[in-house]
Amino acid sequence: QVQLVESGGDSVQTGGSLRLSCAASGDRYSDYCAGWFRQAPGKEREGVALITLGGNTYYADSTEGRFTISRDNTKNTLSLQMNSLKPEDTAMYYCAAYRRTPWTACGRWNTDDYNYWGQGTQVTVSS
C-alpha cells in the first residue's frame, strides 16, 4: 500500500502557473503506475496526466502542451507542472496510483483502476 499527500494548490489568474506535488509513503512507489486527476463541482472526476513506471507520459487533450507530469522514484514524489492556466482548469486535483502487475499496464484513464488516492489540493483560476 501507498499513502499519497498532495500539495501546491492555490488561486492564480488566467495564464499563470502552478506546480503540484504528491508525496508517497509506504510501499515502493517505483512499482506503481501514477496519475493526476481533477474534479470540478458538479462534474465527474477526469484524468489530467498519467505516467508509467519508466516515465512515459500521457495527457488529456485539454492539458496537452500546457501540463507536464513527472516522477522522482528516489524521492517518492509525483509532480504536475501547470502552465497557461485557464478558468476551466479550476478543480480539486488528486494524485492516484495502482500497483503495476503483469495484467495491469500503466496508462489507464479509468478512475476505477486506481486503488490509492490523495486527499486533493484545490486549484482555482480566475479570469
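Computed from a predicted model, the values in this text were never measured in an experiment. This chain uses plain numbering: 1 for the first residue, then up along the sequence. Because only heavy atoms are used, hydrogens play no part in the values below, and waters and symmetry mates are left out as well, while side chains stay in.
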Review point. What distance do Gln39 atom CD and Thr111 atom OG1 have between them, rounded to the nearest 0.5 Å?
Key: 9.0 Å
**Study point:** Set of residues satisfying side chain to side chain donor-acceptor pair (under 3.5 Å) with respect to Gln13, sequence neighbours excluded
**Key:** none
Review point. Does the side-chain contact (heavy atoms from CB on, under 4.5 Å) test come out yes or no for Thr52 and Tyr58, once each step is laid out?
Key: CA-CA 9 Å; Thr52 68; Tyr58 304 88; 3.7 Å; yes
Check your understanding: Can you tell me how far CG of Asn110 sits from CZ of Arg45, rounded to the nearest 0.5 angstrom?
Key -> 12.5 Å
Study note, to complete from the structure: d(Asn73 CG, Tyr32 OH) to nearest 0.5 Å is 12.5 Å
Exercise for review: Nearest 0.5 Å please: distance from the OG1 atom of Thr14 over to the CG atom of Leu85.
Suggested key: 8.5 Å
Exercise for review: For the pair Met82 and Leu20, evaluate side-chain contact (heavy atoms from CB on, under 4.5 Å) and give the outcome as yes or no after the intermediate values.
Suggested key: CA-CA 8 Å; Met82 304 187 295; Leu20 305 184; 3.8 Å; yes
Review point. Under the side-chain contact (heavy atoms from CB on, under 4.5 Å) criterion, do Ile51 and Asn56 qualify, and how do the steps go?
Key: CA-CA 5 Å; Ile51 191 165; Asn56 292 329; over 6 Å; no
**Study point:** Contact check, side chains of Asp10 and Val123, non-hydrogen atoms, under 4.5 Å
**Key:** no
Point to revise | Ring centroid separation Trp36 to Phe67 under 6.0 Å | key: no
Exercise for review: Only pairs at least two apart or in different chains count here, so list each disulfide bond (SG atoms under 2.5 Å apart) that has a residue in residues 33-93.
Suggested key: Cys33-Cys106
Revision key, fill the gap. Here the pair of heavy atoms bringing Leu4 nearest to Ala97 is CD1-N, 4.0 Å
Practice item. Would you please test Tyr59 and Ile69 for side-chain contact (heavy atoms from CB on, under 4.5 Å) and show each step? Key: CA-CA 9 Å; Tyr59 296 94; Ile69 187 173; 3.5 Å; yes
Check your understanding: Do the side chains of Leu50 and Phe37 get nearer than 4.5 Å, heavy atoms only?
Key -> yes
Practice item. Using salt bridge (Lys or Arg N to Asp or Glu O under 4.0 Å) as the criterion, list what pairs up with Asp113, not counting sequence neighbours. Key: Arg108
Exercise for review: Check side chain to side chain contact (heavy atoms under 4.5 Å, CB included) between Thr74 and all other residues, then give those that pass, not counting sequence neighbours.
Suggested key: Asp72
Exercise for review: Locate the shortest heavy-atom distance separating Trp109 from Gly47; write the atom from each residue and the value.
Suggested key: CZ3-C, 3.5 Å
Exercise for review: Output all residues satisfying salt bridge (Lys or Arg N to Asp or Glu O under 4.0 Å) with Asp27, sequence neighbours left out; order by chain, then residue number.
Suggested key: Arg99
**Study point:** Under the side chain to side chain donor-acceptor pair (under 3.5 Å) test, residues paired with Ser7 that sit two or more places apart
**Key:** none
Study note, to complete from the structure: Nearest heavy-atom approach of Gly118 to Glu6 is CA-OE2, 3.2 Å
Review point. Does the side chain of Gln1 reach to within under 4.5 Å of the side chain of Tyr116, using non-hydrogen atoms?
Key: yes
Review point. Does anything in residues 77-104 pair up under ring pair (Phe, Tyr, Trp, His ring centres under 6.0 Å), and if so which pairs, sequence neighbours excluded?
Key: Tyr98-Tyr114
Revision key, fill the gap. Between the OG atom in Ser30 and the CG atom in Leu53, the distance rounded to the nearest 0.5 Å is 7.5 Å
**Study point:** Arg66: salt bridge (Lys or Arg N to Asp or Glu O under 4.0 Å) partners, not counting sequence neighbours
**Key:** Asp89
Review point. Are the side chain of Ser79 and the backbone of Ser70 linked by a donor-acceptor contact shorter than 3.5 Å?
Key: no
Review point. Could you give the distance from CG (Asp31) to OG1 (Thr101), rounded to the nearest 0.5 Å?
Key: 11.0 Å
Practice item. Using a cut-off of 6.0 Å, state whether more than 12 heavy atoms not belonging to Glu44 lie near its atom CD. Key: no
**Study point:** Residues which pass side chain to side chain contact (heavy atoms under 4.5 Å, CB included) with Gln122, listed by chain and number, not counting sequence neighbours
**Key:** Thr90, Met92, Thr124
Practice item. Keeping to residues at least two apart or across chains, list the disulfide bond (SG atoms under 2.5 Å apart) pairs with something in residues 47-102. Key: Cys22-Cys95
Review point. Can you name the nearest heavy-atom pair linking Leu78 to Gly35, along with the distance?
Key: CD2-O, 3.8 Å
Point to revise | Within 6.0 Å of CD in Glu88, more than 12 heavy atoms from elsewhere | key: yes
Exercise for review: Using side chain to side chain contact (heavy atoms under 4.5 Å, CB included) as the criterion, list what pairs up with Gln81, not counting sequence neighbours.
Suggested key: Ser17, Arg19, Thr68, Asn83
Point to revise | Residues that Glu46 engages under side chain to side chain donor-acceptor pair (under 3.5 Å), provided they are two or more places apart | key: Arg38
